[in-house]
2 protein chains.
Amino acid sequence: MSGPRFEPVRTVRAYERIVEQIEEAVESGSLQPGERLPSERELMAQFAVSRSTVREALRVLQARGLVRSRPGDPHGAEVLPFSPAALHKSMTTLARVDELSLGELVQFRMVLDASANLLAARLRTDEELAEMAAAIERMRAAVAGSYDEFSAADVAFHDAVAGASRNKLIQICTDVVRSIVLDLIAEKIAAAADREALMRQTIRHHEEVLAAIRAGEGLLAARLSRQSMYDYYVGYVPEEERPALRTLLE
Amino acid sequence: MSGPRFEPVRTVRAYERIVEQIEEAVESGSLQPGERLPSERELMAQFAVSRSTVREALRVLQARGLVRSRPGDPHGAEVLPFSPAALHKSMTTLARVDELSLGELVQFRMVLDASANLLAARLRTDEELAEMAAAIERMRAAVAGSYDEFSAADVAFHDAVAGASRNKLIQICTDVVRSIVLDLIAEKIAAAADREALMRQTIRHHEEVLAAIRAGEGLLAARLSRQSMYDYYVGYVPEEERPALRTLLE
DNA sequence: ATTCATTTGTCCGTATGTATA
DNA sequence: GTATACATACGGACAAATGAA
């Protein structure tokens, strides 16, 4: 009935084939982080292309966070360990061009953070519990100090919880979205009049969450963390977006 | 006490400044999707750089999914609407180089999909309910047909739910992670002996989920969707990773 | 501490196939 | 169908930067 299925051929550019080959080598592990690529002149010999083509490929690989090249380095471009920078970049772009609202971002964080708490309550080790407690202690010490210290300690607490969830994807995504949210409202937070009250409330919330995690009460920890995040950010979310956030609180 | 805080200066390359400027124009909306960039020769005049530098910048912008250029196009590079392709790429890289396990990916989907169901149960319109019902109908019709049709209809159902959640970030992330998971186990699914039984079970589950969404029972819909996804994928997840998945089922 | 060979960043010119008017 | 402008790819060149002798 029907003949052979021909696929549309796209003209694949020379630099893309170079990107594919090096990408494959990095992702398959045959090129480890810390190892070096051959120099550009050597690459143009191996791939039988001009230097411009090699360089375009290297720029793409650099944009994807796989390699880094420095001028004059005789060892060639360096293979980098994975970093969520590229993920961060594309999510930031999404937030800007697609006009991702602050409400959506906070809602996303509420979902992921609550899940991390749920999992952490069941999977955490004693060391991780101690890490969380230490972070809260740092927060308490920073109330009188700079907001940056407080924020760093707060991040450390969330990171400890995410780590205890044993799910790297949850950990990375919460991290990325958190920094985007903080970028969006950094100046508003700095100007907040009741900042110290908000900090004390956050500490109280975190203590409750930690108690629930310690007791293995996953559902409770999840609910408390959602409430905590809601209380912390609701002041910056436009009125009309708040009902969607409250949907997650029941 | 301490002097002025100097920041480390990094030598910023010429092509990066071009990337930054065009990126800013796209993300701020002053360059809309569909609009064209000036030709490379014009860009080298405007930025006062060489052709190679312009091209390296365009390669980076293309890798980030912001523009596309075709040989011979007299209109210059085209500004593209946002696509999650770059997000997809970096998550795929993460999954490969950081050895993200199938269990972690499925767990992540369980979390996001459940949240989408929870939100959809409270926010859905009648049109969206009809869309979900239509997707289930397509699944039922495809049981006897090809697996590809069934899978496409299944995707349509999940997408309708995600859309009804009113959260673009949840929608995009579920979409990205789903395709990564399916890539990982595509061949195993194709070889599954009890595929038809699994398909019928999936349809039953989706009907239950839809009923819960229709009734506005968000927590029930979330729980059912987690169970459904667990049942669908558990066979492909290594034994030692299953307890972590079951943690989400209670 | 300095020199020196090598590498990257950037520039210029040219040839070729392609898409639009 | 032709002409024009375009992107792709090539090769050669020089300055700044790096690491090693």
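Each chain gets a letter, A, B and so on, in the order its sequence line appears, and its residues count up from 1.
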Please lay out, stage by stage, how B/E137 and B/R140 fare under the test salt bridge (Lys or Arg N to Asp or Glu O under 4.0 Å).
CA-CA 5 Å; B/E137 208 48 53; B/R140 194 175 288 116; 2.8 Å; yes
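Picking from D/dT8, D/dC10, D/dT18 the nucleotide with the shortest atom distance to the side chain of A/S50 gives D/dC10.
What separates CD of B/E78 from P of D/dC6 is a distance of 17 Å, to the nearest Å. D/dT18 atom C1' lies 14 Å from atom CZ of A/R68, rounded to whole Å. Rounded to whole Å, atom P of D/dA9 lies 11 Å from atom CZ of A/R17. Taking atom CD on A/E40 and atom C1' on D/dC10, their separation rounds to 15 Å, with Å as the unit. Separating the CZ atom of B/R55 from the C1' atom of D/dA9 is a distance of 7 Å, rounded to the nearest angstrom. Here D/dC10 presents its C1' atom at 9 Å from CE of A/M44, a figure rounded to the nearest Å.
Scanning DNA chain C 5' to 3' for nucleotides with an atom closer than 4.0 angstrom to a non-hydrogen atom of chain B gives a first and last hit of C/dG9 to C/dA21.
Of the charged side-chain nitrogens involved, none lies within less than 4.0 Å of a carboxylate oxygen, so that B/E16 and A/R59 do not count as a salt-bridged pair. Note on A/D73 versus A/R36: salt bridge recorded, some NZ/NE/NH1/NH2 to OD/OE distance being below 4.0 Å. With respect to the salt-bridge test (charged N to carboxylate O, under 4.0 angstrom), the residues B/E241 and A/R166 do not qualify. For B/R64 and B/E23, the salt-bridge test passes: some basic side-chain N is under 4.0 Å from an acidic carboxylate O. Salt bridge status for B/R55 with B/E40: present, with a side-chain N to carboxylate O gap under 4.0 Å.
The 5' end of DNA chain D is approached more closely, in terms of each residue's nearest nucleotide, by A/Y15 than by the other of A/Y15 and A/R41. Of the residues near DNA chain C, A/S52 and A/S69, the one whose nearest nucleotide (by heavy atom distance) lies more toward the 5' end is A/S69.
Looking at heavy-atom distances under 4.0 Å, A/R13 makes contact with sugar-phosphate atoms alone, never a base. Residue B/R70 is classed as a sugar-phosphate contact, given heavy-atom separations below 4.0 Å to backbone atoms only. Residue contacts for A/T53: at a heavy-atom cut-off of 4.0 Å it reaches the sugar-phosphate backbone alone, with no base atom in range. Note on A/S39: only backbone sugar-phosphate atoms sit closer than 4.0 angstrom, heavy atoms only; bases stay farther off. Among the protein residues, A/R59 comes within range of the sugar-phosphate backbone only, with heavy atoms under 4.0 Å from sugar or phosphate atoms but none that close to a base.
Base pairing of D/dA9 is made with C/dT14, judged by Watson-Crick or G-U wobble geometry with both donor-acceptor distances under 3.5 Å.
Atom CZ of B/R17 is surrounded by 12 or fewer heavy atoms from other residues, nucleotides or ligands within 6.0 Å.
Close to D/dA13, at under 4.0 Å from its OP1 or OP2, lies no side-chain N or O of A/R51.
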